Amino acid sequence: MFDKYLPSEFEAKWRERWLKADLFKTREDEGRPKFYGLEFFPYPSGAGLSVGHARNYVPPDVTCRMKFMQGYNVLHPMGFDAFGLPAENEAIKRKSHPAPMIENYAANYKRQMDLIGIGFDWSRTFKSSDPSYYKWTQWIFEILFDRGLAFRKLAAVNWDPVDKTVLADEEVIAGRAERSGAIVEKKWIPQWYFKITDYAQELIDGLDTLDWPDGIKAMQRNWIGRSEGCQFSFAVAGVGEKEVYDLDSDHRGFEKGLHFDVFTTRVDTIFGVTFCVLAPEHALLDLLPNGPEDKQRIAEYQAQAKLLSDIDRTAENREKTGVFTGAYAVHPLTGKHIPIWIADYVLATYGTGGIMAVPGHDQRDFDFAKKFSLAIIPVIVGEGGIAEVEKFHAEGKAFEPKEGTLVNSSYYDGQTVADAQQNLGMRLESEGIGNRKIQYKLRDWLISRQRYWGCPIPVIHTKDGDEELVPLNALPVELPYVDHYEPSGDGTSPLAHIEEFVNCVDSDGRLAKRETDTMGGFACSSWYFLRFCDPENYEKAWSPESVNYWMPVDCYVGGAEHAVMHLLYARFWTRVLYDAGFCPVQEPFATLKNQGQVLASTPYRKSREGERLEVGEDGVLVSFEEAKILPEDDLTWRWVRMSKSKGNVVTPDEAVESYGADALRMYLLFVAPFHADVQWSNDGIQGMVRFLSRIFKFAAEVGPFYVSTWKDVLPFEELDDLSKKIRRSTHQAIRNCTNDLESFGYNTYVSWLMKYMNELNDSLDFARRRMDSERVIVLSLSEALETLILLVSVGAPHSADEIWEGLGKEGFTYHAQWPTHIDELAKESEVTIAVQVNGKLRDTLQVDAAIDDEKLKALAIASEKVLVYTEGKEVKKVIVIPGRLVNIVVAG
RNA sequence: GCCCGGGUGGCGAAAUGGUAGACGCAGAGGACUUAAAAUCCUUUGGUAGCAAUACCGUGAGGGUUCGAGUCCCUCCCUGGGCACCA
């Protein structure tokens, strides 16, 4: 056995043996509990894994290993999210085909995952681009289609002029494409959508059942964007509306002519409405009773609005723009005629595309009213009364209180905001003007991509213009293998130019055309966790038994960046599959944990004049070589995420080469809490090499005395002090390590191990000369050594197996049982008690752990150090916290 | 603007309302060595003191409590998400 950690001598050997022994093959033994551990389906990039990825995979590996040793059936699979834009773009750049390229990259990922000793069951692996996989992605598309949840419509979409495809809303950040950085344009193209909006409420409600980080849940709630309010109609004046009545009249003869709906969350401000605004795209605009000049003005504004990109339109502090339509609306309660305007601050895609404007109490409406000199009526006052509202207005601010009292609101005057909302909501409903409504920000999920490298949409367009699904027995619709697949840029998919692909026949045998859009990558990753339950099924996507057994995923691990994309889509698909009777659970991921990112120090220089900066950047990325020659005051080093494009990636290969896989694993566990970001440096890894070496050294010294049958012969009582101490260390370590691993405390798990090691070394100093003669000590040390190795084995499996073998053990630590602690042995015999006077620490006492409270109290009061502070004062109270402290409260 | 996090030694961090800084990294001193590396030992929040010890100390200010890093209120800084969403 080595007496220090020499990874190059044994790590590779063990990995080979694990592989040969099929160590991580999923076990489905009866009578065992199951544990499904999963990490986000990675896209295998050409850069390979960074230590950041390693930080994603090591901790769950530790948990899965422990679960297995605790007797669970563990499913811990890995596959690759191979379809999608990044792969296709890189293949184009390399002038190769994405299929073989991705094959290589995935192989490299697998090699690196093996290199750091992750225990994946590779017999279950697949890529989302495998026809045997995407056949079932298409099958799920058909389920969605049959249920009315997949549909095609003409829509203005986010068009990325660089990647030459449309993007989902989630892929657009501040008006730019998340991936290419290009300013997103609007384009009208027929597109496929999934109707995720049907599930908006379910997706909010389901969050309550999940053990997920609060931040992610909040982001999803935010993204779905539920708001409660009222929707009601405004009649357009002069087009068939019956003349209006004032409030005090009971006459309600409202007859709708031309009208439009608005949505508001603040119906209590309805008496403050002084104008209405419609989105420039609003369908009503053509029908308004106005003159040719008005129509001309509207047309001009519409044309202008169309040219604006989203980034211009939403630019910060942008001046309000808009034009008067020349038409008026009738206020449903007061009967007053109020002007209808159009403005681009009203979005056609949210709510009804029109709003009631309350300039007194909405900042946007206020700005608009000021600019175009429209009336402003205050209708809510707070404690400061009307003067407060006027002060706000004088400062250019709308008065936007959540609570307050109504004024200028007919007989609602004096009601609170909450009451008025209630009463006015009911009033609108009872009078048939509108109803209370829940509105969501969530839009339907745009799934079409006009690109080659994706899952084909299994639809045929018939001659009559109908849409037909490709029958199940004809799936998969295979992606043709072609040499030229560059995007055309005209809004059609590259597949549209491949005649053998496009031309087909419909169910009646007539000539028809295939759908040529492919699905965005998020479709593929919305169900892979189900396929892992039964990956080799060629009859079905999965068997009911397999998903009944394994689902849901017990612990899902990945970065927070997918909060509103993958994690929302996967929940949606799972719910649809549940409703269709194919999946036993509504929520796929019972527990979700986000690991922190690994950041690398990266050089940036100040921007030169006229240089355009990337979104959110205030400097220009430079290479490490360039940084060396740049003047210091031109350079700033920033902690940013490791990525190929930033040239700051540290690979696990380098770290394994220099320090060993186990040292890297342990360091990644130890360096910070799991969820926290890490600023990468090699400084700390050396400490792990030292720690592992200490384990080897201990094992080398104690190993020759090791008695494998210690469990059968080690007495429980009548231990001498040293044996007691050793056993106490051991059982405390088991308790603390296990507790922390159960709750994602990987960093403190390593701390406990180190502390345990330190304690054992202390004990060994005393045990050394007694080992020849005193069997109990040898037995206690045997227990300690074996426990140490098993506790370490999940974090540093290569080293553990190496020592295990050195002790003459057969097989692998993975097949050993995870140790359990005995409370009695873990208990301290003596404890340190803090003695406080008025909450300030004044003394500490070493006492027997079993001491009773009264005795302890007496000891504390009698302490000399305490007497200094209590002498001559009245003791008012003494608080005793057993095993912890005594607090003496004195007067004065 | 709205919604989530986070602010603790030189650094990474730990702490069911109960001795703040466990466990490491880095530093200092020492042992071993011809020397270095490695290893081992001692030491390290600040101020004062030879020392015992005292006082201060978890972003700031208040509060609750016998006792607050931890709970409550106000504010500051910082990371992230959303954002003309009515």
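Sequence lines set the chain letters: A, B, ... in the order given, protein chains first and strands last, and positions in each chain run from 1. Computed from a predicted model, the values in this text were never measured in an experiment.
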Point to revise | Derivation of the side chain to side chain donor-acceptor pair (under 3.5 Å) call for Gln201(A) and Arg226(A) | key: CA-CA 8 Å; Gln201(A) 191 59 49; Arg226(A) 177 192 157 106; 2.5 Å; yes
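Distances from the side chain of Lys697(A) to the nucleotides A86(B), U39(B), A14(B) place U39(B) closest. If you check C82(B), G12(B), C84(B) against the side chain of Lys320(A), the one that comes closest is C84(B). Closest to the side chain of Ala218(A), out of A86(B), A14(B), C3(B), is C3(B). Distances were taken from every side-chain heavy atom of Lys441(A) (C-beta onward) to each of C4(B), C82(B), G18(B); the shortest belongs to C82(B). The side chain of Ser751(A) approaches A22(B) more closely than any other nucleotide in the set A22(B), A86(B), C66(B). The listed nucleotides are G24(B), G18(B), A13(B); the one nearest the side chain of Phe670(A) is G24(B). Here the nucleotide nearest the side chain of Met754(A), chosen from C23(B), G81(B), A86(B), is C23(B). Closest contact between the side chain of Ala672(A) and the listed nucleotides U19(B), A13(B), C3(B) involves A13(B). Of the candidates G24(B), U19(B), A86(B), the closest approach to any side-chain atom of Thr832(A) belongs to U19(B). For Lys755(A), taking side-chain heavy atoms from C-beta onward, the closest of the listed nucleotides A86(B), A22(B), C84(B) is A22(B).
If you check distances only, the side chain of Lys876(A) never reaches the base of C66(B) with a donor-acceptor pair under 3.5 Å.
The aromatic rings of Phe744(A) and Tyr746(A) sit perpendicular, their planes meeting at an angle over 60°, well past the 30° parallel limit. Under the 30°/60° scheme for interplanar angles, the aromatic rings of Phe522(A) and His562(A) are found to stand perpendicular.
For the P atom pair drawn from G61(B) and A68(B), the interatomic distance equals 15 Å after rounding to whole Å. Here the separation of C72(B) from G27(B), taken at their P atoms, is 41 Å to the nearest Å. G57(B) and G7(B) have their C1' atoms separated by 15 Å, with the value rounded to a whole Å. A38(B) sits 31 Å from G45(B) when the C1' atoms are compared, rounded to a whole Å. Atom P of A26(B) sits at a distance of 30 Å from the matching atom of G80(B), rounded to the whole Å. Using atom C1' as the reference point in both U33(B) and G24(B), the two lie 28 Å apart (nearest Å). Distance check on atom C1': G9(B) versus U65(B) gives 28 Å, rounded to whole Å. Here, G81(B) and U47(B) have their C1' atoms 44 Å apart, quoted to the whole Å.
To the nearest 0.5 Å, atom CG of residue Asp740(A) and atom CH2 of residue Trp752(A) are 7.0 Å apart.
The shortest distance between the side-chain N/O atoms of Arg884(A) and the OP1/OP2 oxygens of U19(B) is below 4.0 Å. Contact check, Ser227(A) against A86(B): a side-chain N or O comes under 4.0 Å of OP1 or OP2. For A86(B), one of the phosphate oxygens OP1 or OP2 lies less than 4.0 angstrom from a side-chain nitrogen or oxygen of Tyr350(A). The phosphate of A14(B) (OP1 or OP2) has a side-chain N or O of Asn747(A) nearer than 4.0 angstrom.
Within the nucleic acid shown, Asn222(A) comes within 4.0 Å of at least one base atom, counting heavy atoms only. Nucleic acid contact class of Pro213(A) (heavy atoms, under 4.0 Å, all strands): none. Note on Asn758(A): only backbone sugar-phosphate atoms sit closer than 4.0 angstrom, heavy atoms only; bases stay farther off. Residue Val346(A) is in base contact, counting any heavy-atom pair closer than 4.0 Å across all strands shown. Thr748(A) comes within 4.0 angstrom of the backbone, heavy atoms only, and of no base. Using a 4.0 Å heavy-atom distance criterion, Arg690(A) is classed as a sugar-phosphate-only contact. Within 4.0 Å of Lys865(A), counting heavy atoms only, lie sugar-phosphate atoms of the nucleic acid but no base atom. Gly687(A) comes within 4.0 angstrom of sugar-phosphate atoms only, judged by non-hydrogen atoms across all strands, and of no base.
Between Ile881(A) atom CD1 and U65(B) atom C1' the separation is 12 Å, expressed in whole Å. The CG-C1' distance, from Asn682(A) to G12(B), rounds to 14 Å in whole Å. A13(B) atom C1' lies 15 Å from atom CG of Asp677(A), rounded to whole Å. At whole-Å resolution of the value, CG in Asp214(A) and P in G6(B) are 10 Å apart. Rounded to an integer number of Å, the gap from NZ of Lys397(A) to C1' of G1(B) is 12 Å. Arg226(A) has its CZ atom 13 Å from the P atom of A86(B), to the nearest Å. The separation between Gln363(A) atom CD and C84(B) atom P is 15 Å, rounded to whole Å. Remark: C1' of G18(B) and CD1 of Ile879(A) are 10 Å apart, rounded to the nearest angstrom.
Phe392(A) carries Lys397(A) over the face of its six-membered ring, with the cationic atom under 6.0 Å from the centre and within 45° of the normal. Cation-pi geometry between Lys320(A) and Tyr345(A) is met: the NZ or CZ atom falls under 6.0 Å from the ring centre, inside 45° of the normal.
Between Asp208(A) and Arg221(A) there is a salt bridge, with a side-chain nitrogen of the basic residue lying less than 4.0 Å from a carboxylate oxygen of the acidic one. Ion pair Glu228(A)/Arg436(A) not flagged as a salt bridge, since none of the NZ, NE, NH1 or NH2 atoms sits closer than 4.0 Å to an Asp/Glu carboxylate oxygen.
G9(B) has its base syn relative to the sugar, with a glycosidic angle deviating from 0 by at most 90°.
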Using residues 687-694 of chain A as the side-chain source, report each donor-acceptor pair under 3.5 Å to any protein atom, sequence neighbours left out, with the distance given to one decimal.
residue, atom, partner, partner atom, Å
Ser693(A), OG, Tyr5(A), N, 3.2
Ser693(A), OG, Val689(A), O, 3.0

For nucleotides 55-59 of chain B, list the nitrogen or oxygen atoms of the protein found under 3.5 Å from its nitrogen or oxygen atoms, one pair per line.
residue, atom, partner, partner atom, Å
C55(B), OP1, Arg842(A), NH1, 3.4
C55(B), OP2, Arg842(A), NH1, 3.2
C56(B), OP2, Lys840(A), NZ, 2.8

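No side-chain donor-acceptor contact under 3.5 Å links Tyr667(A) and Asp662(A). Counted by atom type alone, Tyr440(A) and Ser227(A) present zero donor-acceptor pairs between their side chains at under 3.5 Å.
Screening Thr738(A), Val794(A), Asn736(A) for a side-chain contact (heavy atoms from CB on, under 4.5 Å) involving Tyr749(A) leaves a single residue, Val794(A).
Leu841(A) is not listed as a side-chain neighbour of Val835(A), based on a closest heavy-atom distance of 4.5 Å or more.
Secondary structure note: stems in RNA chain B built from 3 or more consecutive Watson-Crick or G-U wobble pairs under 3.5 Å occupy B:1-7 with B:76-82, B:10-12 with B:23-25, B:26-31 with B:39-44, B:45-48 with B:53-56, B:59-63 with B:71-75.
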